[in-house]
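Note sheet for the following structure.
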Amino acid sequence: QVQLVESGGGLVQAGGSLRLSCAASGNIFGIYAMGWYRQAPGKQRELVATITNGGSTNYADSVKGRFTISRDNAKNTMYLQMNSLKPEDTAVYYCNGNIKDLRGYITAYWGQGTQVTVSS
């Protein structure tokens with residue numbers, strides 16, 4: 001009934017920029033806290049940034065000052081603007097959202113992930 005779909009990943013040179021999008025669709029009553037996570041080969045999935053439904057944000061130290069998380073509640077979409085990309089940012093990036101459906105149930109959903117590769 002509810003899906004999250006990431007887009008915007010790709011290959012970029014170090015110092016470049018990408019903007020990721022996460023679009024929620026389905027029988028949605030409301031979307032609450034959301035976040036971006038990433039997982040590099042051989043590493044655990046880690047938090048990149050979070051944003052509440054009110055717009056309060058938090059960032060991992062490794063991306064603070066370079067990445068910006070935002071959301072457009074009218075479009076049910078969350079974004080991650082990534083600037084000054086480094087090779088160590090290479091990972092699969094995942095969208096996570098806490099979503100209330102029309103029956104009133106809140107469930108945490110994950111997107112399928114989008115690959116970001118930063119070349120040196």
With side chains defined as the heavy atoms from C-beta onward, is the minimum distance between [X] and [Y] less than 4.5 Å?
X	Y	value
Val118	Lys86	no
Thr107	Val2	no
Tyr37	Val92	no
Phe29	Asp101	no
Ile99	Met34	no
Tyr105	Gln1	no
Met82	Val63	no
Arg38	Ser62	yes

With the 4.5 Å side-chain cut-off for hydrophobic clustering, are Leu85 and Leu11 part of the same group? no
Any link between Val48 and Val12 through a network of hydrophobic side chains (Ile, Leu, Val, Met, Phe, Trp, Tyr) touching at under 4.5 Å? yes
Met78 pairs by side chain to side chain contact (heavy atoms under 4.5 Å, CB included) with which of Ile31, Ile51, Asp72? Ile51
Give me the atom names and distance for the closest heavy-atom approach of [X] to [Y].
X	Y	value
Leu18	Val116	CD1-CG1, 3.9 Å
Ala108	Asn98	CB-OD1, 3.6 Å
Ala14	Ser120	CB-CA, 4.4 Å

Cys95/Trp36 under side chain to side chain contact (heavy atoms under 4.5 Å, CB included): CA gap, chis, key distance, verdict: CA-CA 5 Å; Cys95 173; Trp36 287 98; 4.1 Å; yes
Can you measure from [atom1] ([X]) to [atom2] ([Y]) and round to the nearest 0.5 angstrom?
X	Y	atom1	atom2	answer
Leu102	Asn27	CG	CG	5.0 Å
Ser25	Lys75	OG	NZ	15.0 Å
Ile28	Asn76	CD1	CG	4.5 Å
Leu47	Tyr59	CG	OH	11.0 Å

Donor-acceptor pair, [X] side chain versus [Y] backbone, under 3.5 Å?
X	Y	answer
Asn96	Tyr109	yes
Arg71	Ala33	no
Trp110	Leu4	no
Glu6	Gly113	yes

Using 30° and 60° as the class limits, which term best fits the ring planes of Phe67 and Tyr93: parallel, tilted or perpendicular? tilted
Test log, rule side chain to side chain contact (heavy atoms under 4.5 Å, CB included), inputs Asp89 and Arg66: CA-CA 11 Å; Asp89 294 319; Arg66 300 187 298 120; 2.7 Å; yes
Verify side chain to side chain contact (heavy atoms under 4.5 Å, CB included) between Thr90 and Gln115, making sure each step is shown before the conclusion. CA-CA 8 Å; Thr90 295; Gln115 177 70 49; 4.0 Å; yes
